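Okay, structure first, notes after.
Just so you know, these numbers come straight off a predicted model, no measurement behind them.
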Amino acid sequence: MQTLTVAPMVQGSDRFHTLQRQLRDRWQTIDQFDRGEHDILIVPSLTLDQRELQKVKGVHHYEERLLFSLIRLRNPGTRLIYVTSQPIHPSIIDYYLHLLPEIPYSHARDRLVLLSTYDSHPKPLTQKILERPRLVQHIRSLLRPDKAYMSCFNATALERELSLQLDIPLYGLDPDLLYWGTKSGSRQAFAEANVPHPDGSLQTWTAEELVLATVDLWERRPDLKRMVVKLNEGFSGQGNALLDLRPLSAVAPGQASNEARREAIAQAFHHLSFQSDTETWDNFSSKIPELGAIVEAFIEGEEKRSPSVQCRITPLGEVEVLSTHDQILGGPDGQIFLGCRFPADESYRMRLQDYGYAVGKVLAEKGVLERFSIDFMAVRPDATEDWDLQAIEINVRKGGTTHPFMTLKLLTSGSYDPQTGLFLNQHGQPKYYIATDNLQSDRYLGLLPSDLMDIIVQHRLHFTPITETGSVFHIMGCLSEYGKLGLTSIGDSPQDAEDRYNQVIATLDQETEANLSHPFHPASHTPPINWHFHHEG
């Protein structure tokens with residue numbers, strides 16, 4: 001009986017690897033890959049822990065984040081199928097297709113197929129597709145197997161199964177290697193690549209193990225003031241909590257017994273500072289047996305930043321650095337991703353590249369494929385000293401920095417210059433941007449995507465192909481229900497990009513100034529809460 005269970009899994013895994021090897025045979029360079037005839041299936045499923053996802057406001061609209069992929073239709077030989085849980089507002093699709101340079105709208109639209117599961121349940125989109133055999137068969141009938149591949153937000157066993165059922169390669173990670181995108185897997189990869197990272201624990205599976213790991217770390221590092229407790233498979237900082245050791249000085253190493261420290265830590269866990277305002281210790285601890293947890297030293301510093309590097313491992317096993325960013329974080333303790341600036345500060349930009357390449361070589365040897373990013377903390381005592389970079393975690397998936405950079409790349413046909421860490425358009429001119437998924441205000445509630453289009457056109461906020469500057473908007477489906485949207489503001493200098501970003505905020509505020517006083521406005525009976533994402537982060 002055991003043999004019957006294992007054999008199909010092995011056979012499926014072998015066939016999955018055979019399909020992925022087709023990518024290696026077709027792959028030359030990314031430019032040639034984009035110019036050839038291809039059928040691209042986009043499945044923007046956030047196949048992550050659904051309980052963690054519910055902490056993100058309007059997360060069911062985040063399937064729109066990969067709509068930058070529609071810009072690939074600028075290649076006349078590309079056909080694209082985009083699947084979502086719920087239909088996307090037509091004006092949003094029109095918006096992206098009108099961004100295409102030198103491609104007639106009708107020509108691009110004829111090569112785009114939009115499909116939906118018409119299912120709003122809080123479960124991964126890929127699971128919804130697999131639950132509908134007729135939809136799977138319809139998708140398969142639309143694809144040319146020898147020219148098709150599938151692209152997803154992240155790759156799990158569900159995406160692998162869909163790849164097998166459609167008989168097309170998944171341009172993504174083999175799910176058997178997902179460990180390298182966990183908190184503990186990240187720490188192991190950093191150690192193998194000799195990349196600096198905070199002291200911390202191995203993976204734990206119970207609250208009791210987590211207490212012991214915390215005590216061990218404190219005894220190893222008695223100078224620590226705070227620690228970060230993380231769900232091993234958390235994301236965007238939503239699975240993080242801060243443990244303040246300063247109120248526990250009476251049981252610090254050298255002041256009390258190990259047993260007393262364990263008891264005090266166990267009690268302190270009930271009062272952790274969670275980054276999600278809906279999280280509690282009872283709920284958090286209930287997920288440890290399933291997701292695992294680690295604890296690591298909190299990096300202290302007067303001046304602190306959160307840069308990141310984005311890389312790719314091609315089907316040929318080559319490591320490429322794609323971009324660097326300075327991330328903008330928020331939340332109670334500054335651990336939740338809000339947005340980013342490109343490129344990262346020049347004082348540590350090249351070191352980020354070097355660390356990204358070193359980790360990429362480690363991951364490539366383990367068989368990891370496609371995109372990954374590494375988040376860092378950068379601290380320095382004062383402006384006269386160099387920045388200390390500490391690697392925090394690896395994300396083996398697309399992330400919040402993926403769609404802004406790919407939007408810039410696909411709109412300008414430019415490229416990243418590894419010699420300078422800048423992005424250069426086809427004329428060699430550097431381009432910069434500031435981006436967010438979290439521009440939110442109660443006064444924006446009730447705005448339809450078509451209303452946003454009117455505002456964009458009236459105030460000339462849109463991206464202009466001639467100058468290759470302006471703002472590109474995304475997750476517009478969030479706007480009416482949550483007063484939330486995303487944007488990428490592109491400029492010819494960092495200040496130009498920021499000015500364009502601030503112009504969007506000022507314009508939206510001006511256009512919605514009267515909304516809160518309207519008797520039927522969704523927020524008219526509650527005090528307005530502005531969630532604006534500004535330069536200070």
Side-chain angles (χ1 to χ4, degrees), residues 30 68 181 186 189-190 193-197 236-237 299 303-314 318-329 337-364 370-380 386-412 414-425 428-437 488-498 501 535 537:
I30 182 62
F68 72 80
S186 298
F190 297 149
N194 294 315
V195 170
H197 56 287
S236 297
I299 300 174
E303 190 174 3
K304 185 183 295 187
R305 295 180 182 175
S306 179
S308 65
V309 59
Q310 290 68 41
C311 306
R312 175 179 61 197
I313 302 172
T314 73
E318 299 168 339
V319 179
E320 299 177 354
V321 177
L322 300 178
S323 61
T324 64
H325 292 84
D326 275 314
Q327 300 183 109
I328 300 177
L329 305 181
F337 178 84
L338 295 180
C340 61
R341 295 184 187 86
F342 172 86
D345 191 284
E346 62 181 352
S347 60
Y348 45 70
R349 190 185 303 159
M350 306 313 289
R351 274 193 289 158
L352 290 174
Q353 285 193 172
D354 292 342
Y355 288 153
Y357 186 79
V359 172
K361 294 295 288 183
V362 169
L363 296 180
E370 232 272 44
R371 294 177 186 273
F372 71 91
S373 64
I374 308 171
D375 295 339
F376 289 80
M377 291 303 298
V379 296
R380 63 178 178 178
D386 198 8
W387 290 92
D388 175 36
L389 290 178
Q390 296 284 322
I392 301 298
E393 65 183 37
I394 302 172
N395 296 304
V396 287
R397 55 174 170 76
K398 295 178 175 66
T401 57
T402 301
H403 53 284
F405 181 79
M406 289 304 298
T407 297
L408 173 65
K409 180 177 176 62
L410 292 172
L411 284 175
T412 64
S415 60
Y416 182 76
D417 178 15
Q419 301 303 315
T420 62
L422 297 174
F423 183 90
L424 306 178
N425 68 4
Q429 179 182 5
K431 292 291 177 178
Y432 305 81
Y433 61 76
I434 181 170
T436 182
D437 286 335
T488 301
S489 295
I490 301 169
D492 290 327
S493 68
Q495 189 60 54
D496 184 26
E498 185 169 345
Y501 174 83
H535 177 80

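- Formation of a donor-acceptor pair under 3.5 Å by the Arg349 side chain with backbone atoms of Ala344 is found in this model.
- For residues 352-361, the pairs satisfying side chain to side chain donor-acceptor pair (under 3.5 Å) are Gln353-Tyr416, with sequence neighbours left out.
- Put simply, the residue from Leu424, Thr412, Asp492, Leu422 that forms a side-chain contact (heavy atoms from CB on, under 4.5 Å) with Gln429 is Asp492.
- Contact between Gly181 and Val396 at its shortest, heavy atoms only, is CA-CG2, 3.5 Å.
- A distance of 8.0 Å separates CG in Leu322 from NZ in Lys409, rounded to the nearest 0.5 Å.
- Shown here for Pro307 and Leu352, the closest heavy-atom pair between the two residues is CB-CD1, 3.7 Å.
- Under the side chain to side chain donor-acceptor pair (under 3.5 Å) criterion, Glu346 pairs with no residue at all, not counting sequence neighbours.
- Side-chain contact between Glu370 and Ile313 is absent, with no heavy-atom pair separated by less than 4.5 Å.
- To the nearest 0.5 angstrom, Asn395 atom CG is 9.5 Å from Ile374 atom CD1.
- Residues satisfying the side-chain contact (heavy atoms from CB on, under 4.5 Å) test with Asp345, not counting sequence neighbours, are Arg305, Asp326, Ser347, Tyr348.
- At least one donor-acceptor pair closer than 3.5 Å links the side chain of Arg351 to the backbone N or O of Trp387.
- Contact between Phe376 and Ser308 at its shortest, heavy atoms only, is CD1-CA, 4.5 Å.
- Taking the side chain as every heavy atom from C-beta outward, Ile394 and Phe190 approach each other to under 4.5 Å.
- Expressed to the nearest 0.5 Å, how far CG of Leu408 lies from CZ of Phe423 amounts to 4.0 Å.
- By the 4.5 Å heavy-atom criterion applied to side chains, Phe68 and Leu410 are counted as neighbours.
- Val379 has its side chain out of reach of Gln390: every pair of non-hydrogen atoms, C-beta onward, lies at least 4.5 Å apart.
- Every residue two or more places apart in sequence or in another chain was checked for a side chain to side chain donor-acceptor pair (under 3.5 Å) with His197, and none qualifies.
- For Glu303, the salt bridge (charged side-chain N to carboxylate O under 4.0 Å, His left out) partners at least two apart in sequence or on another chain are Arg380.
- Taking NZ from Lys431 and OG from Ser493, the interatomic distance works out to 10.0 Å, rounded to the nearest 0.5 Å.
- Scanning all heavy atoms of the two residues, the minimum distance from Val319 to Ala364 falls at CG2-CB, 4.2 Å.
- Between the Thr436 side chain and the Leu338 main chain, a donor and an acceptor come within less than 3.5 Å of each other.
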Steps toward side-chain contact (heavy atoms from CB on, under 4.5 Å) verdict (Glu320, Thr314):
CA-CA 8 Å; Glu320 299 177 354; Thr314 73; 3.6 Å; yes
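- Residues Phe372 and Gly360 approach most closely at CZ-CA, 3.4 Å, considering heavy atoms.
- Counting only heavy atoms from C-beta outward, the side chains of Ile392 and Ile299 approach each other to under 4.5 Å.
- From Met377, atom CE reaches atom CG of Leu389 across 10.5 Å, with rounding to the nearest 0.5 Å.
- Contacts of His325 classified as ring pair (Phe, Tyr, Trp, His ring centres under 6.0 Å), with partners at least two apart in sequence or in another chain: Phe342, Tyr433.
- What you find for Pro404 and Cys340 is that their closest heavy atoms are CG-SG, 4.4 Å.
- Between Glu393 atom CD and Ser186 atom OG the span is 6.0 Å, to the nearest 0.5 Å.
- Between Gln310 and Arg371, the closest side-chain pair of non-hydrogen atoms is not below 4.5 Å.
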